[in-house]
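Counting starts at 1 for both ligands and their atoms, following the listed order.
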Amino acid sequence: MSRIAYFGPQGTFTEQAARVLAAGDELIPVETVRSAMAAVRKGEADAACVPIENSVEGVVPATLDGLSESTPLVAVAEAILPIHFSVLKRRGDAPIRTVASHPHALAQVREWLEVNLPDAHPVASSSTSAAAVGVLDGEFDAAVCAPVAVEHYDLEVLATEVADVTDAATRFLLVRAPGALPEPTGADRTSVVAAAVNRTGTLAELLTALADRGINLTRLDARPTRNNFGEYRFFIDFEGHVAEPRILDALTALRRHCRNLRFLGSHPRADGTRSTIEPGFGNDDFADAAGWAAAVRKGELA
Ligand SMILES: O=C(O)C(=O)C[C@]1(C(=O)O)C=C[C@@H](O)C=C1
């Protein structure tokens, strides 16, 4: 049985994702995204489950930073969960003056709070479940939580199915130390973080390296390097698997254009969307062309 550290405490959406991604494994709640990844780096866990992006609020910065710092980790699987919240409060009729949650969660229920709890002050907590713990401890009056939180914390449900955007979803990753990669499926995602050289056109060069090989991007984010003001790392997700010739060709091109390139994994997409392959950009096309060039090089073809 593997040990999976997840962004907790118990009852977070991330725990739900870990149950999908690591069914039957031992799940270990930790306080922060960073400590989940640190547990893997220190060998205290075999993998970590962390949120990466939400369809309403965008990326989870702590996850991007955690993936680019310290020793490398690679994503081996992903899950996408629909996100709608329950609002929990302490039992009794005390007025609700503060409502706490993870900033991503608060951003997804802003309109609901304005209409339903207009006098409550929103307070950021480290996770949705940490907010529930804070309500139990008397720190906050209400918490915006994952629906399962009520099974873990003795609180009263004020509202369920709360979401400003009804079809909101969050994508979660299972990350581990580099090792054997998941097999390609035809519906895969590859991720890298690139520190481009600081000169005109370098981001365009990175994107062109992908576009020239017919590779469709699924996400592009920038995070500051923290060292020099104005210097950024680019997180690029794209369709395909490093086992495919066209993806390998693109990665080697990216490597040439970067000061530093970190491979963050190739794994099956949770939504099963197959890679878009334009004519002339298939793996067979790349393999044929490479074979032809090798034969020309040996003087066997012209
Ligand atoms: O706090 C949680 O329950 C989490 O799993 C984190 C998180 C996030 O980081 O976006 C996950 C899903 C929801 O979008 C809100 C919060």
- [ ] Have a look at Asp141 and tell me which of Lys89, Arg90, Arg91 forms a salt bridge (charged side-chain N to carboxylate O under 4.0 Å, His left out) with it.
- [x] Arg90
Task: Winner among Val109, Thr170, Val148, Val59 once heavy atoms are compared against atom 12 (C) of ligand 1 - done: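 Result: the heavy atom closest to atom 12 (C) of ligand 1 is in Thr170.
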Open item on the list: Can you check which of Phe13, Tyr6, Phe7 brings a heavy atom nearest to atom 6 (C) of ligand 1?
Closed with: Phe7
Under a 4.0 Å threshold between the charged nitrogen and the carboxylate oxygen, would [Y] count as salt-bridged to [X]?
{"X": "Glu231", "Y": "Arg259", "result": "yes"}
{"X": "Asp65", "Y": "Arg223", "result": "yes"}
{"X": "Arg110", "Y": "Glu114", "result": "no"}
{"X": "Arg171", "Y": "Asp237", "result": "yes"}

Open item on the list: For Glu15, state whether at least one heavy atom is located under 4.0 Å from any atom of ligand 1.
Closed with: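 Judged by the 4.0 Å heavy-atom criterion, Glu15 does not count as contacting ligand 1.
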[X] and ligand 1 - part of the residue with a heavy-atom distance under 4.0 Å:
{"X": "Thr14", "value": "both"}
{"X": "Glu57", "value": "neither"}
{"X": "Pro51", "value": "side chain"}
{"X": "Thr128", "value": "both"}

Under a 4.0 angstrom heavy-atom cut-off, which atoms of ligand 1 come close to [X]?
{"X": "His102", "answer": "1 (O), 8 (C), 9 (O), 16 (C)"}
{"X": "Ser127", "answer": "1 (O)"}
{"X": "Val60", "answer": "9 (O)"}
{"X": "Asn54", "answer": "14 (O)"}

Open item on the list: Is it the case that ligand 1 has an N or O less than 3.5 angstrom from some N or O of His104?
Closed with: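 No, no N or O pair falls under 3.5 Å.
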Open item on the list: Looking only at distances, can you tell me whether any N or O atom of Thr12, backbone or side chain, sits closer than 3.5 Å to an N or O atom of ligand 1?
Closed with: no
Task: Backbone of Ala204 reached by a side-chain donor or acceptor of Thr208 within 3.5 Å - done: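 Looks like yes, one N/O pair under 3.5 Å.
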TODO: Would you please indicate yes or no on a ring centroid separation below 6.0 angstrom for Tyr6 and Phe13?
DONE: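 When the ring centroids of Phe13 and Tyr6 are compared, they turn out to be at least 6.0 Å apart.
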Task: For Thr32, all residues meeting side chain to side chain contact (heavy atoms under 4.5 Å, CB included), sequence neighbours excluded - done: Arg34, Ser35
